[in-house]
Amino acid sequence: MDSRFLQSFVSVVELGSIAEAARHLDMTPATIAQRVRALEADIGSQLIVRSGRTVRPTVSGARILARARSVLRELRDLQSAASDTELPAGPLRLGAIPTGLMGIIPLILKDWVRRHPHIGIYIELGSSTALYGRVMAGELDAAILVHPTFELPKTINWHCLRHEPLVLLTPARMKVTSALATIAREPFIRYDRQVVGGKMADDYLRQLGIRPNVRVELDGIEYIAKLVAEGLGVSVLPDWAVIGAPNRELKKWPLPPPCPVRTVGVLWQRSTVRAPLVDALVDIARAHFPPQAATR
(Lines give C-alpha, C1' and ligand atoms only; values in the text may rest on other atoms or scores of the structure.)
Protein backbone atom coordinates (compact mmCIF):
# COMPACT_ATOMS: atom_id res chain seq x y z
CA MET A 1 0.00 0.00 0.00
CA ASP A 2 1.40 3.37 -1.02
CA SER A 3 1.42 5.91 1.82
CA ARG A 4 0.78 8.67 -0.72
CA PHE A 5 -2.62 7.09 -1.39
CA LEU A 6 -3.40 7.24 2.33
CA GLN A 7 -2.38 10.90 2.46
CA SER A 8 -4.62 11.70 -0.49
CA PHE A 9 -7.57 9.95 1.15
CA VAL A 10 -7.06 11.73 4.49
CA SER A 11 -6.71 15.12 2.77
CA VAL A 12 -9.92 14.59 0.77
CA VAL A 13 -11.87 13.75 3.92
CA GLU A 14 -10.38 16.58 5.99
CA LEU A 15 -10.84 19.24 3.29
CA GLY A 16 -14.20 17.97 2.07
CA SER A 17 -13.45 17.78 -1.65
CA ILE A 18 -11.05 16.30 -4.17
CA ALA A 19 -10.40 19.75 -5.65
CA GLU A 20 -9.40 21.23 -2.29
CA ALA A 21 -7.18 18.22 -1.54
CA ALA A 22 -5.53 18.66 -4.94
CA ARG A 23 -4.78 22.33 -4.21
CA HIS A 24 -3.46 21.46 -0.76
CA LEU A 25 -1.17 18.72 -2.09
CA ASP A 26 -0.22 20.67 -5.24
CA MET A 27 -1.58 18.00 -7.60
CA THR A 28 -4.35 17.70 -10.16
CA PRO A 29 -7.82 16.54 -9.07
CA ALA A 30 -7.48 13.62 -11.49
CA THR A 31 -4.33 12.42 -9.71
CA ILE A 32 -6.01 12.63 -6.29
CA ALA A 33 -9.08 10.76 -7.54
CA GLN A 34 -6.88 8.08 -9.08
CA ARG A 35 -4.96 7.63 -5.83
CA VAL A 36 -8.15 7.26 -3.81
CA ARG A 37 -9.50 4.69 -6.29
CA ALA A 38 -6.21 2.76 -6.04
CA LEU A 39 -6.46 2.78 -2.25
CA GLU A 40 -10.06 1.56 -2.44
CA ALA A 41 -8.90 -1.26 -4.73
CA ASP A 42 -6.15 -2.22 -2.26
CA ILE A 43 -8.55 -2.22 0.70
CA GLY A 44 -11.46 -3.71 -1.22
CA SER A 45 -14.05 -1.18 -0.07
CA GLN A 46 -15.40 2.21 -1.15
CA LEU A 47 -13.98 4.90 1.13
CA ILE A 48 -15.57 8.17 -0.03
CA VAL A 49 -18.87 9.21 -1.55
CA ARG A 50 -20.04 12.48 -3.06
CA SER A 51 -22.64 14.44 -1.12
CA GLY A 52 -23.70 17.45 -3.19
CA ARG A 53 -20.60 19.53 -3.85
CA THR A 54 -18.62 17.92 -1.07
CA VAL A 55 -17.12 14.51 -0.37
CA ARG A 56 -17.65 12.54 2.81
CA PRO A 57 -16.27 9.21 4.02
CA THR A 58 -18.34 6.06 3.77
CA VAL A 59 -18.80 3.87 6.83
CA SER A 60 -15.63 2.01 5.86
CA GLY A 61 -13.78 5.26 5.23
CA ALA A 62 -14.76 6.66 8.62
CA ARG A 63 -13.61 3.45 10.29
CA ILE A 64 -10.10 3.60 8.85
CA LEU A 65 -9.62 7.38 9.02
CA ALA A 66 -8.05 7.48 12.51
CA ARG A 67 -5.77 4.55 11.68
CA ALA A 68 -4.75 6.15 8.39
CA ARG A 69 -3.75 9.31 10.26
CA SER A 70 -1.83 7.20 12.75
CA VAL A 71 0.03 5.35 9.99
CA LEU A 72 1.00 8.66 8.35
CA ARG A 73 2.29 10.02 11.68
CA GLU A 74 4.34 6.85 12.21
CA LEU A 75 5.83 7.17 8.73
CA ARG A 76 6.76 10.80 9.34
CA ASP A 77 8.39 9.78 12.62
CA LEU A 78 10.27 6.98 10.87
CA GLN A 79 11.64 9.39 8.27
CA SER A 80 12.65 11.90 10.95
CA ALA A 81 14.36 9.26 13.10
CA ALA A 82 16.33 7.98 10.12
CA SER A 83 18.21 11.27 9.80
CA ASP A 84 22.02 10.96 9.92
CA THR A 85 22.42 14.53 11.17
CA GLU A 86 22.47 15.92 14.71
CA LEU A 87 18.77 16.81 14.56
CA PRO A 88 15.90 14.65 13.29
CA ALA A 89 14.77 15.27 9.75
CA GLY A 90 11.96 17.79 9.24
CA PRO A 91 9.74 19.34 8.47
CA LEU A 92 8.86 20.77 11.85
CA ARG A 93 5.08 21.06 11.97
CA LEU A 94 4.35 24.24 13.92
CA GLY A 95 0.99 25.72 14.83
CA ALA A 96 0.50 29.40 15.60
CA ILE A 97 -2.19 31.83 16.61
CA PRO A 98 -2.42 34.79 14.17
CA THR A 99 -0.66 37.27 16.47
CA GLY A 100 2.12 34.70 16.97
CA LEU A 101 2.61 34.44 13.23
CA MET A 102 2.68 38.22 12.79
CA GLY A 103 4.68 39.25 15.86
CA ILE A 104 6.81 36.31 17.01
CA ILE A 105 7.54 33.72 14.32
CA PRO A 106 9.30 36.02 11.77
CA LEU A 107 12.03 36.83 14.31
CA ILE A 108 12.57 33.14 15.08
CA LEU A 109 12.44 32.05 11.44
CA LYS A 110 15.29 34.35 10.41
CA ASP A 111 17.67 32.60 12.80
CA TRP A 112 16.20 29.17 12.04
CA VAL A 113 16.91 29.53 8.32
CA ARG A 114 20.47 30.59 9.09
CA ARG A 115 21.16 27.77 11.56
CA HIS A 116 19.13 24.95 9.99
CA PRO A 117 18.75 25.79 6.28
CA HIS A 118 17.93 22.19 5.31
CA ILE A 119 15.10 21.70 7.84
CA GLY A 120 11.80 23.10 6.65
CA ILE A 121 8.94 24.34 8.81
CA TYR A 122 5.26 23.80 8.05
CA ILE A 123 3.11 26.43 9.77
CA GLU A 124 -0.59 26.05 10.48
CA LEU A 125 -2.75 28.90 11.75
CA GLY A 126 -5.53 28.30 14.26
CA SER A 127 -7.05 29.18 17.60
CA SER A 128 -5.25 28.21 20.79
CA THR A 129 -7.88 25.59 21.58
CA ALA A 130 -7.65 23.96 18.17
CA LEU A 131 -3.85 24.02 18.13
CA TYR A 132 -3.64 22.50 21.60
CA GLY A 133 -5.81 19.60 20.44
CA ARG A 134 -3.64 19.03 17.36
CA VAL A 135 -0.45 18.98 19.41
CA MET A 136 -2.00 16.49 21.83
CA ALA A 137 -3.12 14.31 18.90
CA GLY A 138 0.39 14.34 17.43
CA GLU A 139 -0.74 16.19 14.30
CA LEU A 140 1.51 19.16 15.13
CA ASP A 141 4.96 18.99 16.71
CA ALA A 142 4.51 22.26 18.60
CA ALA A 143 2.37 25.38 18.70
CA ILE A 144 2.77 29.03 19.66
CA LEU A 145 -0.44 29.75 21.53
CA VAL A 146 -2.07 31.22 24.61
CA HIS A 147 -1.51 29.19 27.76
CA PRO A 148 -4.68 27.19 28.49
CA THR A 149 -6.73 28.07 31.54
CA PHE A 150 -6.16 24.57 32.96
CA GLU A 151 -3.07 22.80 34.26
CA LEU A 152 -1.01 21.18 31.54
CA PRO A 153 -0.39 17.41 31.56
CA LYS A 154 3.04 16.24 32.71
CA THR A 155 3.74 14.96 29.20
CA ILE A 156 3.73 18.52 27.87
CA ASN A 157 6.55 21.08 27.73
CA TRP A 158 5.82 24.80 27.96
CA HIS A 159 8.14 27.75 27.29
CA CYS A 160 6.80 31.24 27.99
CA LEU A 161 7.52 33.89 25.34
CA ARG A 162 5.41 36.88 26.37
CA HIS A 163 3.16 38.19 29.12
CA GLU A 164 0.49 40.39 27.51
CA PRO A 165 -1.66 42.51 29.88
CA LEU A 166 -5.01 43.74 28.65
CA VAL A 167 -4.99 47.29 27.28
CA LEU A 168 -7.54 49.75 25.96
CA LEU A 169 -7.10 50.27 22.22
CA THR A 170 -8.40 53.50 20.70
CA PRO A 171 -7.86 55.61 17.57
CA ALA A 172 -4.71 57.69 18.10
CA ARG A 173 -6.65 60.94 17.84
CA MET A 174 -8.98 60.04 20.74
CA LYS A 175 -8.26 61.77 24.06
CA VAL A 176 -8.61 59.47 27.08
CA THR A 177 -8.68 60.77 30.64
CA SER A 178 -10.28 57.64 32.07
CA ALA A 179 -9.90 54.26 30.35
CA LEU A 180 -12.98 52.82 32.04
CA ALA A 181 -15.15 55.84 31.24
CA THR A 182 -14.03 55.61 27.60
CA ILE A 183 -15.02 51.93 27.43
CA ALA A 184 -18.43 52.71 28.91
CA ARG A 185 -19.03 55.67 26.59
CA GLU A 186 -17.65 54.73 23.17
CA PRO A 187 -18.90 52.09 20.72
CA PHE A 188 -17.14 48.87 21.64
CA ILE A 189 -15.56 46.20 19.46
CA ARG A 190 -15.56 43.06 21.54
CA TYR A 191 -12.85 40.41 21.30
CA ASP A 192 -14.54 37.02 20.85
CA ARG A 193 -15.45 35.64 24.26
CA GLN A 194 -14.84 32.08 23.03
CA VAL A 195 -11.06 32.65 23.07
CA VAL A 196 -8.90 33.09 26.18
CA GLY A 197 -8.10 36.78 25.70
CA GLY A 198 -11.69 37.66 24.90
CA LYS A 199 -12.98 35.87 27.96
CA MET A 200 -10.39 37.66 30.11
CA ALA A 201 -11.56 41.02 28.80
CA ASP A 202 -15.23 40.16 29.32
CA ASP A 203 -14.65 38.91 32.88
CA TYR A 204 -12.59 42.02 33.71
CA LEU A 205 -15.31 44.43 32.56
CA ARG A 206 -18.04 42.43 34.28
CA GLN A 207 -16.18 42.53 37.58
CA LEU A 208 -15.98 46.31 37.28
CA GLY A 209 -19.68 46.54 36.44
CA ILE A 210 -19.05 47.95 32.96
CA ARG A 211 -21.44 46.99 30.18
CA PRO A 212 -20.01 48.41 26.95
CA ASN A 213 -22.09 49.38 23.95
CA VAL A 214 -21.02 46.48 21.72
CA ARG A 215 -21.03 47.35 18.04
CA VAL A 216 -19.46 44.11 16.80
CA GLU A 217 -17.84 40.98 18.26
CA LEU A 218 -15.20 39.01 16.37
CA ASP A 219 -12.04 36.94 16.70
CA GLY A 220 -8.72 38.21 15.38
CA ILE A 221 -6.78 40.93 17.17
CA GLU A 222 -5.34 42.32 13.94
CA TYR A 223 -8.84 42.61 12.45
CA ILE A 224 -10.14 44.38 15.54
CA ALA A 225 -7.19 46.77 15.46
CA LYS A 226 -8.03 47.64 11.88
CA LEU A 227 -11.62 48.49 12.81
CA VAL A 228 -10.45 50.62 15.72
CA ALA A 229 -8.02 52.46 13.44
CA GLU A 230 -10.96 53.22 11.13
CA GLY A 231 -12.76 54.90 14.02
CA LEU A 232 -15.49 52.27 14.42
CA GLY A 233 -15.01 51.90 18.16
CA VAL A 234 -12.61 51.04 20.96
CA SER A 235 -11.59 47.65 22.28
CA VAL A 236 -9.95 45.82 25.17
CA LEU A 237 -7.26 43.45 23.93
CA PRO A 238 -4.06 41.73 25.07
CA ASP A 239 -1.00 43.87 24.33
CA TRP A 240 0.07 41.68 21.41
CA ALA A 241 3.53 41.49 19.82
CA VAL A 242 4.22 43.75 16.84
CA ILE A 243 7.27 43.64 14.59
CA GLY A 244 8.45 47.00 13.29
CA ALA A 245 7.02 50.45 13.96
CA PRO A 246 3.64 50.58 15.74
CA ASN A 247 0.56 51.69 13.85
CA ARG A 248 0.37 55.48 14.19
CA GLU A 249 -3.40 55.38 13.85
CA LEU A 250 -3.75 53.43 17.11
CA LYS A 251 -2.97 54.09 20.74
CA LYS A 252 -2.81 51.70 23.67
CA TRP A 253 -3.86 52.81 27.16
CA PRO A 254 -3.18 50.93 30.42
CA LEU A 255 -6.13 49.60 32.38
CA PRO A 256 -6.61 49.93 36.16
CA PRO A 257 -5.48 46.93 38.21
CA PRO A 258 -6.12 44.14 38.76
CA CYS A 259 -5.59 43.77 35.01
CA PRO A 260 -5.59 40.23 33.56
CA VAL A 261 -2.54 39.04 31.63
CA ARG A 262 -2.48 36.68 28.66
CA THR A 263 0.56 34.40 28.48
CA VAL A 264 1.84 33.31 25.06
CA GLY A 265 4.40 30.56 24.63
CA VAL A 266 5.49 27.38 22.89
CA LEU A 267 3.77 24.11 23.75
CA TRP A 268 4.96 20.66 22.70
CA GLN A 269 4.99 17.02 23.77
CA ARG A 270 8.10 15.82 25.60
CA SER A 271 8.74 12.39 24.11
CA THR A 272 8.35 12.61 20.36
CA VAL A 273 10.79 11.99 17.55
CA ARG A 274 10.86 15.65 16.53
CA ALA A 275 10.98 17.08 20.06
CA PRO A 276 14.70 17.94 19.53
CA LEU A 277 13.61 20.17 16.64
CA VAL A 278 11.27 22.04 18.98
CA ASP A 279 14.09 22.32 21.55
CA ALA A 280 16.22 23.95 18.85
CA LEU A 281 13.37 26.34 18.02
CA VAL A 282 12.96 27.29 21.68
CA ASP A 283 16.70 27.94 21.99
CA ILE A 284 16.37 30.50 19.21
CA ALA A 285 13.23 31.98 20.79
CA ARG A 286 15.09 32.57 24.08
CA ALA A 287 17.46 34.95 22.32
CA HIS A 288 14.58 37.09 21.04
CA PHE A 289 12.37 36.96 24.14
CA PRO A 290 14.85 36.91 27.07
CA PRO A 291 12.74 38.66 29.76
CA GLN A 292 10.24 35.83 29.97
CA ALA A 293 10.86 32.85 32.21
CA ALA A 294 10.71 29.45 30.53
CA THR A 295 9.05 26.63 32.42
CA ARG A 296 9.51 23.01 31.47
Side-chain angles (χ1 to χ4, degrees), residues 95-105 125-133 143-152 160-265 267 289 291-292:
I97 56 175
T99 53
L101 178 62
M102 298 297 292
I104 294 174
I105 288 181
L125 282 177
S127 68
S128 292
T129 301
L131 295 176
Y132 175 84
I144 294 177
L145 44 68
V146 179
H147 193 291
T149 55
F150 51 84
E151 185 177 354
L152 295 175
C160 176
L161 296 174
R162 286 177 53 84
H163 295 303
E164 301 177 343
L166 294 183
V167 294
L168 167 64
L169 188 69
T170 71
R173 62 183 178 275
M174 182 176 291
K175 294 183 179 180
V176 174
T177 55
S178 166
L180 298 183
T182 300
I183 297 169
R185 180 184 69 247
E186 299 292 333
F188 191 73
I189 302 172
R190 174 179 277 159
Y191 189 19
D192 187 356
R193 290 167 290 179
Q194 299 300 312
V195 300
V196 175
K199 187 175 187 309
M200 284 182 176
D202 187 60
D203 289 345
Y204 173 75
L205 296 179
R206 283 179 178 272
Q207 290 171 5
L208 294 174
I210 297 175
R211 294 190 175 185
N213 176 25
V214 178
R215 174 167 282 174
V216 64
E217 177 173 353
L218 76 157
D219 191 8
I221 289 178
E222 296 286 348
Y223 302 132
I224 294 174
K226 177 64 175 176
L227 296 181
V228 172
E230 293 294 331
L232 292 172
V234 303
S235 189
V236 172
L237 299 169
D239 190 5
W240 72 103
V242 176
I243 294 177
N247 188 338
R248 295 183 178 181
E249 297 178 344
L250 295 169
K251 188 168 183 180
K252 299 174 182 177
W253 305 83
L255 293 171
C259 182
V261 177
R262 183 177 85 161
T263 302
V264 176
L267 178 141
F289 303 94
Q292 307 301 333

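Positions are given from 1 along the sequence. Here the structure is a predicted model, which means the values were calculated and not measured. Quick note: numbers below take in every heavy atom, side chains included, and nothing from hydrogens, waters or symmetry partners.
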Could you pull out all residues at least two apart from F188 that satisfy ring pair (Phe, Tyr, Trp, His ring centres under 6.0 Å)? none
Taking only residues two or more places apart in sequence or in another chain, which ones pass side-chain contact (heavy atoms from CB on, under 4.5 Å) with [X]?
X    : value
V146 : I97, S128, V196, R262, V264
S178 : L180, A181
T263 : H147, W158, C160, H163
P148 : Y132, F150, L152

Scan residues 179-193 for pairs that pass side-chain hydrogen bond (donor to acceptor under 3.5 Å, both in side chains), counting only residues two or more places apart or in two chains. R193-E217
Which pairs with one or both residues in residues 231-257 pass side-chain hydrogen bond (donor to acceptor under 3.5 Å, both in side chains), sequence neighbours excluded?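 Residue pairs with at least one partner in residues 231-257: T170-W253, E222-W240, D239-K252.
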Least distance between heavy atoms, [X] atom then [Y] atom:
X    : Y    : result
P98  : G126 : CD-O, 3.9 Å
P171 : G233 : CD-O, 4.0 Å
P238 : I221 : CD-CD1, 3.9 Å

Say you draw a straight line from [atom1] of [X] to [atom2] of [Y]; how long is it, rounded to the nearest 0.5 Å?
X    : Y    : atom1 : atom2 : answer
I104 : T99  : CD1   : OG1   : 6.5 Å
I189 : L227 : CD1   : CG    : 4.5 Å
L250 : L169 : CG    : CG    : 5.0 Å

Can you check whether [X] reaches [Y] side chain to side chain, under 4.5 Å on heavy atoms?
X    : Y    : result
P165 : L255 : no
P187 : V234 : no
V167 : P254 : no

Looking at M102, I want to see if its CE is surrounded by more than 12 non-hydrogen atoms of other residues, nucleotides or ligands under 6.0 Å. no
Using a 3.5 Å cut-off and no angle test, enumerate the donor-acceptor pairs between side-chain atoms of residues 203-216 and protein atoms at least two apart in sequence or in another chain.
{"from": "D203", "atom 1": "OD2", "to": "K199", "atom 2": "NZ", "distance (Å)": "2.9"}
{"from": "Y204", "atom 1": "OH", "to": "P256", "atom 2": "O", "distance (Å)": "2.7"}
{"from": "R206", "atom 1": "NE", "to": "D202", "atom 2": "OD2", "distance (Å)": "2.9"}
{"from": "R215", "atom 1": "NH1", "to": "L232", "atom 2": "O", "distance (Å)": "2.9"}

For E230, enumerate each residue passing the side-chain hydrogen bond (donor to acceptor under 3.5 Å, both in side chains) test, keeping only those at least two apart in sequence or located in another chain. K226
